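Small disclaimer: the values here were computed from a predicted structure and weren't measured. Residue numbers count from 1 along this sequence. Heavy-atom basis, side chains included; hydrogens, waters and symmetry copies ignored.
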Amino acid sequence: MAGYAIAPGESTVTTLLATTIGTGLCIGSANAINQWIETPYDAQMLRTRNRVLGRRALSQFHAFGFGTLTGLAGVSLLATCVNPITAALGASNILLYTCLYTPMKRSSIANTWVGAVVGALPPMMGYTAVTNGLDPGAWVLGGLLYAWQFPHFNSLAWNLRADYSKAGYRMMAVTDPKLNARVALRYSLAMFPLCFAVPYLDLTSWWFALDSSVINAALTWGAYKFWRNSNDKTGKHLFFGSVIHLPILLALLMVHKRWNLSNHTIALDEDEEIEEIIQWEDE
């Protein structure tokens, strides 16, 4: 929805609802099929052992059927009520999550980079729902969400590393804790140039660059402390800091969006023109 709000162009409540519901169905599909695949491993982890499939409160057939139907419904809704590009991104997200990210979790730490792509696509879907194209603004918005996920997930994974190890998941926090912290810090720093690219592309005023730098500095400080001394305390601080950071960042995007200012300027220009016409007629 934030991607839809920041995109330049004509927007309607109907398209917003179709985009939101369609994206939600695609996400539900990916999540259901992921849990269907990982049922035996989820049962071994404290965090996931109470999921409905692990408790056998839902059958494997129903879970897979739900995932298939929601996926088809989500992509179809996006294709018919939004546009083909957004539908293609929704379908790609389901396939990336279930066919690439899920199996990679047990074979390579590269799974985190693939998973970050999955998290970056939904805001891009909101953007393309308005613009019907993948212009630089869509990629920068996706880049913001892509980079944010590393301090967010790597700090979470640190506190769950025993669970991940028990279930056989190859996460950075398990196989290479120093890399885990280093990557979290690296992508926290990447938030700065990405946020500067937003006003450069004329999506927001330059005030966004200033305001976002403040909250990005707070996120980076948490990532720096996690990098210097990775422990449960610094991991929790970074994780909860990232949870607060994202909604503030998205809110700033919408507050400073450029087309708001452009519309205001156009309205002022029209008022001035009308005033000039009235003066001319009076004369």
Side-chain angles (χ1 to χ4, degrees), residues 1-8 20 23 27 112-113 115-127 130 135-160 172-173 179-262 264:
M1 294 176 77
Y4 191 93
I6 191 63
T20 305
T23 304
I27 292 169
T112 306
W113 280 268
V117 174
V118 173
L121 285 180
M124 294 178 70
M125 292 167 67
Y127 192 97
V130 177
D135 60 43
W139 292 106
V140 168
L141 187 61
L144 285 171
L145 270 291
Y146 181 85
W148 171 84
Q149 285 171 91
F150 289 93
H152 174 72
F153 178 75
N154 287 20
S155 57
L156 172 68
W158 170 265
N159 288 288
L160 298 173
M172 279 183 277
L179 177 65
N180 182 71
R182 205 160 57 240
V183 168
L185 177 59
R186 185 184 305 157
Y187 281 94
S188 296
L189 291 169
M191 294 295 291
F192 287 95
L194 284 167
C195 284
F196 273 78
V198 175
Y200 177 79
L201 293 173
D202 212 30
L203 292 173
T204 66
S205 70
W206 281 97
W207 284 107
F208 175 74
L210 177 63
D211 290 350
S212 64
S213 293
V214 175
I215 60 167
N216 287 339
L219 180 71
T220 302
W221 177 244
Y224 172 76
K225 291 195 292 184
F226 181 60
W227 171 68
R228 286 296 300 270
N229 185 17
S230 295
N231 55 50
D232 290 352
K233 182 179 179 180
T234 57
K236 286 179 181 178
H237 283 175
L238 178 57
F239 173 74
F240 286 112
S242 69
V243 171
I244 296 169
H245 172 274
L246 184 61
I248 295 176
L249 183 72
L250 296 178
L252 288 174
L253 273 171
M254 290 181 279
V255 167
H256 294 301
K257 56 188 173 183
R258 173 65 70 184
W259 67 267
N260 253 1
L261 301 174
S262 299
H264 180 63

Original post:
Does the pair N180 and T112 meet the rule for a side chain to side chain contact (heavy atoms under 4.5 Å, CB included), with working shown?
Top reply: CA-CA 10 Å; N180 182 71; T112 306; over 6 Å; no

All N/O donor-acceptor pairs, side-chain side in residues 241-250, below 3.5 Å, sequence neighbours left out:
{"residue": "S242", "atom": "OG", "partner": "H152", "partner atom": "ND1", "Å": "2.9"}
{"residue": "S242", "atom": "OG", "partner": "F239", "partner atom": "O", "Å": "2.5"}
{"residue": "H245", "atom": "NE2", "partner": "N216", "partner atom": "OD1", "Å": "2.8"}

Original post:
How many angstroms lie between OG in S155 and CZ in F240, if you round to the nearest 0.5 Å?
Top reply: 9.5 Å

Original post:
Does the side chain of Y4 reach to within under 4.5 Å of the side chain of T23, using non-hydrogen atoms?
Top reply: no

**OP:** Could you tell me which non-hydrogen atom of S230 sits nearest to which non-hydrogen atom of A181, and how far apart they are?
**Re:** OG-CB, 3.4 Å

**OP:** Look up atom CG in L252 and atom CH2 in W207, then write down how far apart they are to the nearest 0.5 Å.
**Re:** 12.5 Å

Subject >> Side chain proximity check, L238 to N154, heavy atoms < 4.5 angstrom >> reply: no

Subject >> Side-chain heavy-atom pair T234, W227 within 4.5 angstrom cut-off >> reply: no

**OP:** Starting at NZ of K233, measure out to NZ of K225 and round the result to the nearest 0.5 Å.
**Re:** 7.5 Å

Original post:
Going from CH2 on W113 to CE on M172, what distance comes out if it is rounded to the nearest 0.5 angstrom?
Top reply: 4.0 Å

Original post:
Would L194 and W148 count as a side chain to side chain contact (heavy atoms under 4.5 Å, CB included) if you check the C-alpha gap in whole Å, the side-chain angles of each, and the deciding distance to 0.1 Å?
Top reply: CA-CA 11 Å; L194 284 167; W148 171 84; over 6 Å; no

Subject >> Heavy-atom check, side chain of W139 versus side chain of M124, under 4.5 Å >> reply: yes

**OP:** Considering non-hydrogen atoms only, spot the tightest contact between A147 and A190 and give its length.
**Re:** CB-CB, 4.5 Å

Original post:
What orientation do Y187 and F150 show, parallel under 30°, tilted 30 to 60°, or perpendicular over 60°?
Top reply: parallel

Subject >> Heavy atoms of other groups near W206 CH2, more than 12 under 6.0 Å >> reply: yes

**OP:** Indicate the atoms forming the closest heavy-atom contact of K257 with A5, along with that distance.
**Re:** NZ-O, 3.5 Å

Original post:
Could you state the interatomic distance from CG (D232) to NZ (K236), rounded to the nearest 0.5 Å?
Top reply: 6.0 Å

Subject >> Check: L185 and F226 side chains under 4.5 Å, non-hydrogen atoms >> reply: no

Subject >> Closest approach of Q149 to A116 (non-hydrogen atoms, all atoms of both residues) >> reply: NE2-O, 2.8 Å

Original post:
After noting the C-alpha distance and the side-chain angles of L253 and L141, does the key distance pass the side chain to side chain contact (heavy atoms under 4.5 Å, CB included) rule?
Top reply: CA-CA 10 Å; L253 273 171; L141 187 61; 3.8 Å; yes

Original post:
Are F208 and V255 side-chain neighbours, meaning at least one heavy-atom pair lies under 4.5 Å?
Top reply: no

Original post:
How close do G137 and L203 get, heavy atom to heavy atom, and via which atoms?
Top reply: CA-CD1, 3.7 Å

Original post:
What are the two closest non-hydrogen atoms of V130 and A7, and how far apart are they?
Top reply: CB-CB, 3.6 Å

Original post:
Does any non-hydrogen side-chain atom of T220 lie less than 4.5 Å from one of M191?
Top reply: no

Original post:
Is F196 close to S213 at the side-chain level, that is, under 4.5 Å between some pair of heavy atoms?
Top reply: yes

